[in-house]
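Note that the structure is a prediction, hence the values are computed from the model and not measured.
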Amino acid sequence: MSRAADVQRILNNPVEFIKRLKIINKTGKLVHLIPNREQVDIIKALENGEATLILKGRQIGSSTIVGAYFFWKIYTSKEPATFAILSHKLQSAKHLLGMHKIFYDNLPNFLQKPLEVENTTEIKFKDSGAKIIAVSAGAEGGIRSFTCSYLHISEYAFSPNPEELKATALNALNDGQLVIESTANYFNDSLHQEWIKSLRGEAEWNALFFPWFYHKEYRSSPVDQLSEEEEIIKATFGLDLEQIAWRRKKISKIGLDKFKREFPADIDDAYSQTGNVYFRKEEFEGTQILPIEPIEWNAFAKPDKDDVYAIGVDVAAGVNRDYSVIYVVSKKTYNPVALYRSKNIVPTALAKRLQEIAIDYNNAMVLIESNNFGNVVLNELRHLGYYNIWKEADKDWLTTVKSKTEMFENLKSLLTDGYIGSMDMITYSELRALQLNDRGLIEIPDNMDGHGDNAIAIALAYVFIAKVNLKTKSYLPNWIHAKRINKTVQNAGVGIGINKRY
């Protein structure tokens, strides 16, 4: 084969071309980039030209291979195509552009071609005008308006403003190819939300995830005896003894929590990290998580004339940003029975919708935050003639640091004690995303869609579920009687009468 034919063969094949690229490895040495099994699969996925979402473990090297693939794409382009590396901070994008400069500087001589532009934010090839650029979604660096054929966002889940990143990407791309990849940050982070949308069919992603055991090198000399937990893991994922041995050895070095985070076996593992989360997965063991349609109104149970209901309301401005949420909870079952959720309903219209829902659910008691737009809803609701509104000491509810802690502590207690038998997926996801900051205060992550509006609404509903009374004691289910009796006995050490009225 002639040199020209050999060069063309390499240029036509992304894997063959990428094998000629060099990277700085973890020990600081310059080495050839030899794609592993996962990286080859990513290349094949990218060749389809589809929008691609990659939830990565830390061992895969997805940022490197995505960069290498698009370096090949731009390097071999005959048109003035543009590949954009987008980050919230320009410095982060520049860092990834530096990897492309290493690719170029260390190409074999027979492949290298001249540049027209090379600086801290751009590499441009002289023959085609094709280029690789580093850009920021913010005003930093002055780069906001650009167009491109391909765009890469790395560590999307850690961006302080992922919605801005995605909006910038979509505005720049037109019909181009978008690739988002990231490790997991926290349950219901921006990447997790995109993953769930893909599963629901709400977003067209080619979603990729690689479990740790897909990596061929993760094996050790087999162990003789497995623990009960290892037997379950082995059967669940179809592992062999050499993989179980490698897992055991790794866990002995870094611990189980860190192993799951860095070497996830499935999506649940990737998002199982504990750290500073407020609601842990274990607290929902007795709660069935229900799928939910992405529509404004979801009714899980029809109104029962013999039941009493509590409604928690979180109010937004209705300008397509945060959600206004109405959450209805049953006294008889202690379960949510209805959910209203809208981004574009204004507070006065929300009051009318709230009145309709409250009347349908037996003139339910309503608890509304009196903060900001909540006051508008409270005033309008009273103007409409609905007065079954929660008050304490003749004051409406005001969410403070103290009251927010109390309402979430109350909700956590009900979950832990098994009172709440079901919950919708959106609310569950929001609750799992709540964090404790360094001062021990509960925080809603800034980059969470809707800013935890469902979480606030359901917590408000359960604030006074114990304070509303059923019409007669006979309607209270026996399982609630039994739980309350057992809890009282445990706490006080004495028995209570079966005929206590609620």
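Between Glu230 and Lys234 there is no salt bridge, since no side-chain nitrogen of the basic residue lies less than 4.0 Å from a carboxylate oxygen of the acidic one. By the 4.0 Å N-to-carboxylate-O rule, Glu283 lies too far from Arg280 to be salt-bridged with it. Asp307 has no carboxylate O lying under 4.0 Å from a charged side-chain N of Lys331, or vice versa, which leaves the two without a salt bridge. Ion pairing between a basic and an acidic side chain is recognised when a charged N comes within 4.0 Å of a carboxylate O; Lys56 and Glu155 show such pairing. For the pair Arg341 and Glu430, the salt-bridge criterion is met [side-chain N within less than 4.0 Å of a carboxylate O]. A salt bridge between Lys44 and Glu47 is absent, with no side-chain N of the basic residue lying under 4.0 Å from a carboxylate O of the acidic one.
Using modelled atom types and a 3.5 Å distance limit, the side chains of Thr399 and Glu369 yield a donor-acceptor pair. Defined by atom type and a distance below 3.5 Å, a donor-acceptor pair is present between the side-chain atoms of Asp424 and Thr427. For the residue pair Tyr428 / Asn454, no side-chain donor-acceptor distance below 3.5 Å is found, with atom types taken as modelled.
Close placement of the Phe187 and His192 rings is indicated, their centers lying within 6.0 Å of each other. Tyr361 and Tyr309 have their aromatic ring centers within a separation under 6.0 angstrom.
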Between Lys343 and Asp322, does the salt bridge (Lys or Arg N to Asp or Glu O under 4.0 Å) criterion hold? Intermediate values first, please. CA-CA 6 Å; Lys343 270 188 173 182; Asp322 293 354; over 6 Å; no
Is there a salt bridge (Lys or Arg N to Asp or Glu O under 4.0 Å) between Lys197 and Glu194 once you walk through the steps? CA-CA 5 Å; Lys197 287 176 186 176; Glu194 293 298 328; 3.6 Å; yes
Where do Glu181 and Ser63 land on the side chain to side chain donor-acceptor pair (under 3.5 Å) test, with the steps shown first? CA-CA 7 Å; Glu181 49 88 21; Ser63 297; 2.7 Å; yes
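Within the 3.5 Å criterion, the main-chain N or O of Asp268 finds a donor-acceptor partner in the side chain of Asp266. Side chain of Ser324 to backbone of Ala316: a donor-acceptor contact under 3.5 angstrom is found. At distances below 3.5 Å, not a single donor-acceptor pair connects side-chain atoms of Asn48 with backbone N or O atoms of Glu50. A distance-only check finds a donor-acceptor pair linking the side chain of Asn375 to the backbone of Ser370 [under 3.5 Å]. Between the side chain of Asp304 and the backbone N or O of Asp306, at least one donor-acceptor pair lies under 3.5 Å. Listed for the Asn335 side chain is a donor-acceptor partner under 3.5 Å among the backbone atoms of Gly421. Checking side-chain atoms of Thr287 against main-chain N and O of Ser422 turns up no donor-acceptor pair under 3.5 Å. Judged by distance alone, the side chain of Thr400 and the main-chain N or O of Ser403 form a donor-acceptor pair under 3.5 Å. Under the 3.5 Å distance criterion, the side-chain polar atoms of Ser190 are matched with a main-chain donor or acceptor of Tyr156.
One distance of note links OH of Tyr334 with OH of Tyr462; it measures 9.0 Å at 0.5 Å rounding. One distance of note links CH2 of Trp212 with CZ of Phe237; it measures 9.5 Å at 0.5 Å rounding. Between the OG1 atom in Thr64 and the CG atom in Leu96 there is a gap of 8.5 Å [rounded to 0.5 Å]. From Thr183, atom OG1 reaches atom CG of Asn185 across 7.5 Å, with rounding to the nearest 0.5 Å. Rounded to the nearest 0.5 angstrom, Arg247 CZ and Lys250 NZ are separated by 13.5 Å. In this structure, CD1 on Ile54 lies 9.5 Å from CH2 on Trp195, to the nearest 0.5 angstrom.
For the pair Arg432 and Phe279, the cation does not sit on the ring face, since its NZ or CZ is not both under 6.0 Å from the ring centre and inside 45° of the axis. For the pair Lys412 and Tyr278, the distance from NZ or CZ to the six-membered ring centre is under 6.0 Å and the angle to the ring normal is within 45 degrees.
Considering Val366, Val315, Asp396 in turn, Asp396 is the only one that fulfils the side-chain contact (heavy atoms from CB on, under 4.5 Å) rule with Leu378. The one candidate from Phe70, Phe146, Tyr150 that meets the ring-ring contact (aromatic ring centres under 6.0 Å, His included) condition with Phe83 is Phe70.
Taking both residues in full, the closest heavy atoms of Asp189 and Ala184 are given as OD2-C, 3.8 Å, listed atom of the first, atom of the second, then distance.
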